[in-house]
Amino acid sequence: MPVARRTLLGAGLAAATSALAGCGDGGPPDAGVAGPGDAVTATDAAGNRVGFGSAGTTTPPSGSPSATASPSGTAAAGQARYAQDVTALLRRHLPATAQTVQHKGFPGAVAVVLVDGKTTVHTAVGEALRYGAGPKLLAAGQRVEMRPDSVFDLASVTKVYTAILLLQQVDRGRVDLGAPVRDYLPGFTGAGTERVTVEMLLAHTSGLPVGAKVTGLADNAARWNAVLTTGLVSGAVPGRTFRYSSVGLMIAGRIVEKVTGQRLDQALKSGLTGPLGLRDTGFNPNTWLSGSAKASRLVATDARSSRGLLRGTVHDDVANHLGGVAGHAGIFATATDLAAIGQMLLDGGTHQGRRILAAATVRRMLTNQNAGKPAVDPERPNRTAAHGLGVVLNQSWFMGGLASARTFGHTGFAGPSLLVDPGRRLVLALLTNRAHPNWSWANPDPVRAAVGDLLAREVG
């Protein structure tokens, strides 16, 4: 989401939070040359760094795609020759020098590329923490280097996870995609919402707005009631038009909670991360990361909001008001864990022998639900309505040369993105901290598209 949308969502701007949701290296190196901000590492179960340095090889977390560690910034054994090109491209978007205050890209990034289920790129550049509250540029000794196992705020990429959890309930016969939302949530009573179906929530054709008013309310029950009673955008007709809506996925998450009897964070663990063995994925990471992992692996976002420096706390203001657990934003993960989600969908709903979704459900999820419908997105006037159930389809503005009718994924405001190209059997998890310390400094889409262009050239 670009600046205008986030203004609506109120990402730390004082005016908006009252109402709405929603590496010091001395300069860029030559292409393909590693610098001190590049690394490939891993951690043990306690969150301690292992396998770092010239002799470092690591064992990946259970359930994650296989990867081999490397010396800082070099292509590891088993990685593709274009891994260095990806690294060099990302490093060109870092701050120009160690003393540069304002960046036009991001302080740091991690990229994982899988082709046919094998890791061909796993690289980390720059810094996970560069600025303090204010914001102010931190001294070199106070900064935290980006690591391949750094844990990022996935922002709106959370919507993919929520969609999967809801579709699991479709598989189990507990939810009918064509049924009115009110069949599951009688409190869903906003103006014009009686015709909104479950499927419309995931396809963003409900007519619900981007954000909901949740500030200034007494407790979480009142805040969720405000979400449930949010009315449609003026003039919207359910099912007719694509309008990106975080509220729709908030409601989808509540359906998951209603039919499972679990809070969404518990449903995520029991339905997805537990079965897949994804130990580095979840809401509110400060509750499950060790102290050392919090210090060394958490990636910072905003540093100039009324909440101060955000590190391990969800960036999205509405999700924060809802306790950090919501269907539209709030999940934190590593690039490796995110890539495993993409690989599971690419493989028709299975991963390492475990079935997560029925193959027919995955096919429906990845099929354009909005053919022939207009798209309303003032911030991206060239955007089309192409969207599956919880995933974006065929959007060159972030997919670049990998865009096709079958290519799917999602982006997040804080800088993350997931892209899957079935034709190339390719998964790209590209995580950046472009919102650190100020999201208005940079647009994350050009680098996303540039990496897509590079991989389109290199992967047949």
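The structure displayed is predicted, hence computed values, not measured ones.
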Quick one about [Y] and [X] (side-chain donor to acceptor, distance below 3.5 Å, no hydrogens or angles considered), yes or no?
X	Y	value
Tyr244	Ser156	yes
Asp153	Thr301	no
Gln262	Ser270	yes

| request: For atom NZ of Lys294, decide whether the heavy atoms of other residues, nucleotides or ligands shown that lie under 6.0 angstrom number more than 12. | output: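 Atom NZ in Lys294 is packed in, count exceeds 12.
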| query | Considering residues, nucleotides and ligands other than Arg354, do more than 12 of their heavy atoms fall under 6.0 Å from its CZ? | reply |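 Open.
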| said: Test side chain to side chain contact (heavy atoms under 4.5 Å, CB included) on Val157 and Thr411; report intermediate values, then the result. | reply: CA-CA 6 Å; Val157 178; Thr411 63; 5.6 Å; no
What residues, two or more places apart in sequence or in another chain, satisfy side chain to side chain contact (heavy atoms under 4.5 Å, CB included) together with [X]?
X	result
Ala405	none
Ser245	His204, Leu208, Val247
Ala449	none
Ala450	Leu89

Within the structure provided, determine whether [X] and [Y] are in side-chain contact (heavy-atom separation under 4.5 Å).
X	Y	value
Leu346	Leu114	no
Val170	Asp176	no
Gln266	Lys269	no
Leu345	Met365	yes
Pro285	Leu298	yes
Thr205	Arg243	no
Val314	Asn284	no
Phe408	Pro422	yes

Give a yes or no on whether the backbone of [Y] and the side-chain of [X] come within a donor-acceptor separation of less than 3.5 Å.
X	Y	result
Asp280	Thr334	no
His436	Leu129	no
Arg434	Trp439	yes
Thr229	Asn225	yes
Thr432	Gly415	yes
Ser206	Met200	no
Arg304	Ala133	no
His387	Val391	yes
Thr120	Ala80	no
Asp453	Gly401	yes

| message | One pair to check against side chain to side chain contact (heavy atoms under 4.5 Å, CB included): Leu338 and Leu431. What are the steps and the verdict? | response | CA-CA 9 Å; Leu338 177 57; Leu431 305 183; 3.7 Å; yes
| request: Check the pair Leu278 / Leu272 against side chain to side chain contact (heavy atoms under 4.5 Å, CB included), numbers first and verdict last. | output: CA-CA 8 Å; Leu278 304 181; Leu272 194 54; 5.5 Å; no
| field | Residue from Val196, Leu249, Thr162, Leu389 passing side-chain contact (heavy atoms from CB on, under 4.5 Å) with Leu201 | value |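 Of all the options given, the one that passes is Val196.
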| request: Please determine which of Val86, Val110, Leu90 meets the side-chain contact (heavy atoms from CB on, under 4.5 Å) test together with Val125. | output: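 Looking at Val86, Val110, Leu90, the match for Val125 under the side-chain contact (heavy atoms from CB on, under 4.5 Å) is Leu90.
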Compare every heavy atom of [Y] with every heavy atom of [X], then report the nearest pair and how far apart it is.
X	Y	answer
Phe283	Gly324	CD2-O, 3.2 Å
Thr241	Pro374	CG2-O, 3.5 Å
Arg307	His315	NH2-O, 2.8 Å
Leu177	Leu202	CD2-CD1, 4.3 Å
Asp302	Pro437	OD1-O, 2.8 Å
Val181	Val198	CG2-N, 3.8 Å

| Residue pairs, two or more places apart or on separate chains, that pass side chain to side chain donor-acceptor pair (under 3.5 Å) and touch residues 179-197 |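 Those involving residues 179-197 are Arg182-Thr193.
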| Any pair counted as side chain to side chain donor-acceptor pair (under 3.5 Å), so long as it reaches residues 363-375, sequence neighbours left out |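 Side chain to side chain donor-acceptor pair (under 3.5 Å) check on residues 363-375 returns Glu199-Arg364.
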| query | Mind checking what makes side chain to side chain donor-acceptor pair (under 3.5 Å) contact with Trp397, not counting sequence neighbours? | reply |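 Trp397 satisfies side chain to side chain donor-acceptor pair (under 3.5 Å) with Gln395 only.
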| said: Arg311: which residues meet the side chain to side chain donor-acceptor pair (under 3.5 Å) condition with it, sequence neighbours left out? | reply: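 Result, side chain to side chain donor-acceptor pair (under 3.5 Å) vs Arg311: none returned.
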| query | Are Arg383 and Phe242 in a cation-pi setup, meaning NZ or CZ lies under 6.0 angstrom from the ring centre and within 45 degrees of the ring axis? | reply |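 Relative to the ring axis of Phe242, which defines the angle, Arg383 lies outside at least one limit.
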| Test: Arg254 cationic atom under 6.0 Å from Trp224 six-membered ring centre, within 45° of axis |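 Here Arg254 passes the 6.0 Å and 45° test against Trp224.
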| Spacing of Glu257 atom CD and Leu185 atom CG [to the nearest 0.5 Å] |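 Separation between the atoms: 9.5 Å.
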| field | CD1 on Ile341 to OG1 on Thr336, rounded to 0.5 Å | value |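 Rounded to the nearest 0.5 Å, the OG1-CD1 separation comes to 12.0 Å.
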| Sequence neighbours excluded, which residues qualify as salt bridge (charged side-chain N to carboxylate O under 4.0 Å, His left out) partners of Arg424? |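 Salt bridge (charged side-chain N to carboxylate O under 4.0 Å, His left out) check on Arg424 returns Asp421.
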| said: Applying salt bridge (charged side-chain N to carboxylate O under 4.0 Å, His left out), can you list everything that pairs with Arg263, at least two apart in sequence or on another chain? | reply: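 By the salt bridge (charged side-chain N to carboxylate O under 4.0 Å, His left out) rule, Arg263 matches Asp265.
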| task | Would you check, one step at a time, whether the test salt bridge (Lys or Arg N to Asp or Glu O under 4.0 Å) holds for Asp445 with Arg380? | result | CA-CA 11 Å; Asp445 292 338; Arg380 291 192 176 102; 2.7 Å; yes
| request: I would like to know whether Asn394 and Thr407 meet side chain to side chain donor-acceptor pair (under 3.5 Å); could you show each step before the answer? | output: CA-CA 5 Å; Asn394 194 19; Thr407 305; over 6 Å; no
| Under the ring pair (Phe, Tyr, Trp, His ring centres under 6.0 Å) test, which residues partner Phe106, sequence neighbours left out? |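 With neighbours one apart ignored, the set is His93.
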| said: Going by salt bridge (charged side-chain N to carboxylate O under 4.0 Å, His left out), name the pairs with one or both residues in residues 105-117, residues two or more places apart or in two chains. | reply: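 Sorted pair list: Asp116-Arg425.
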